[in-house]
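Report on the following structure.
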Amino acid sequence: MKVLLVGSGAREHALGWKLVQSDHVDELISLPGNPGLAELGAVIEGVDATDVGAVAALSRIQSIDFVVIGPEAPLAAGLVDALTGLGIPAFGPTRAAARLESSKSFAKDVMIRSGVPTPMAWAFDHAGDAEQHIRSHPGPYVVKADGLAGGKGVLVTGDRDDAIGWAHKCIAEGLGGKQPRVVIEEFVAGPELSVFAICDGTNSLLLEPARDYKRIGDGDTGPNTGGMGSYSPVALPADLLDRVKRSVIDPVLTTMRADGAPYVGVLYAGLVLTDDGPKVIEFNCRFGDPETQVVLARLNSDLFDVLHAATSGSLADIELRWSPDSVVNVVLAAHGYPESPRKGDVITGLGDVTGLVFHAGTARDGKHLRTAGGRVLSVLGSGPDLATARANAYEAADSISFKGKTLRSDIAASDSID
Ligand code: GLY
């Protein structure tokens, strides 16, 4: 099979690394890919992944047999619809189903109709109405731009003026899409957990859970980022995943099917483990980054078989096999990340690393590898327990150098969910 992989981050490098291990994958092509993916197959640059007509036409010209789509933007733009319209199977939700991520108010409506435990929420199309709501409720406040905002659309704050300012900004600047709308959500406290379900429209298979670290600084301080590290497995109460499948994933699949938008792809549920049980604070329609890197490093099953079964409605025939090992991922970010990451610093030491390293913001420049984005590399360590995996990840991270290298020192320092 000739497989096209859409995306350019460490998540996609991990997907590509796992896909080429399949006996069914003869050739991997990435669009736009990155220097890590370029070592696994050809890369196609200069085509915007959200130009769904162009990507679909190119897939036909290249005789692509199967497409795997990493990021949310091409999914929300309808890439799966365009590809399947040309008879090319693609792993990911259609544009209508991807609204579970691309519209917070749509997702909330589906959750409520499905009986999924989720914080209460109110949607506003006018900033004045949102302001009035905030003024008449106590904090903390969770204020979200309704549409896709590249991870920059959510403010959680105890400060009423900041919350009002954010609501105005979301509406005035059209943050989150062309149809400005803001969603204000009840604040719920507890540890956060990401759960990923592979779905075929009817059936779901839950992947091993992973934890990520969203803030830039140790001890969860400083601004939010795309994610500074992750680890798997996570010590969880024995029945938690089953409960999430029964009370979240499967009811949503039933509702989406009844609505005529069956959900095929990864359904990523962002949960808060409250005293009243898990509550969904968001859905994403894709694999998480940096969680995917550690989850796929532990997957012993053939990833192509799993993704193909999801697109052909035969997930019920698949059983996932996992390594019992722990895996820790330390993200190396560029100087100035997340506000203004610097590009162009020379990266050295990769050749000294024996474990897995997935590329994200890197670029080749002759014989040099340079930083080219905020999150530069995902550096993995594995071992029979979390402490060993962590030590191996940090040893590898230490042997890689570039000016301004930014990392957290507390990834997987404690497995605090219990
Ligand atoms: N790890 C957070 C995300 O992928 O959105």
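For ligands, and for the atoms within them, numbers begin at 1 and follow the listed sequence.
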message = Using a plain distance cutoff, I'd like to know if Lys214 has any nitrogen or oxygen under 3.5 Å from a nitrogen or oxygen of ligand 1.
response = no
query = Among all protein non-hydrogen atoms, which one is nearest to atom 1 (N) of ligand 1, and what is the separation to 0.1 Å?
reply = Asp212 OD2, 2.7 Å
message = How about CG on Asp239, more than 12 heavy atoms from neighbouring residues, nucleotides or ligands closer than 6.0 Å, or not?
response = yes
Contact check, Phe287 vs ligand 1, heavy-atom distance below 4.0 Å = no
Atoms of ligand 1, numbered as shown, that sit under 4.0 Å from any heavy atom of Gly288 = 4 (O)
inquiry  = Heavy-atom contact check, 4.0 Å cutoff: does Arg286 meet ligand 1?
reply    = yes
ask   = Are any of the side-chain nitrogens in Arg364 or Glu39 under 4.0 Å away from the carboxylate oxygens of its partner?
value = yes
task = Name the closest protein heavy atom to atom 2 (C) of ligand 1, giving the residue it belongs to and the distance to 0.1 Å.
result = Tyr268 OH, 3.1 Å
ask   = Hey, are Asp212 and Lys214 close enough for a salt bridge, meaning a charged N less than 4.0 Å from a carboxylate O?
value = yes
task = Would you tell me whether Asp352 and Ser399 have side-chain atoms, one donor and one acceptor, within less than 3.5 Å of each other?
result = no
query = So does Arg408 pair up with Asp220, basic N to acidic O under 4.0 Å?
reply = yes
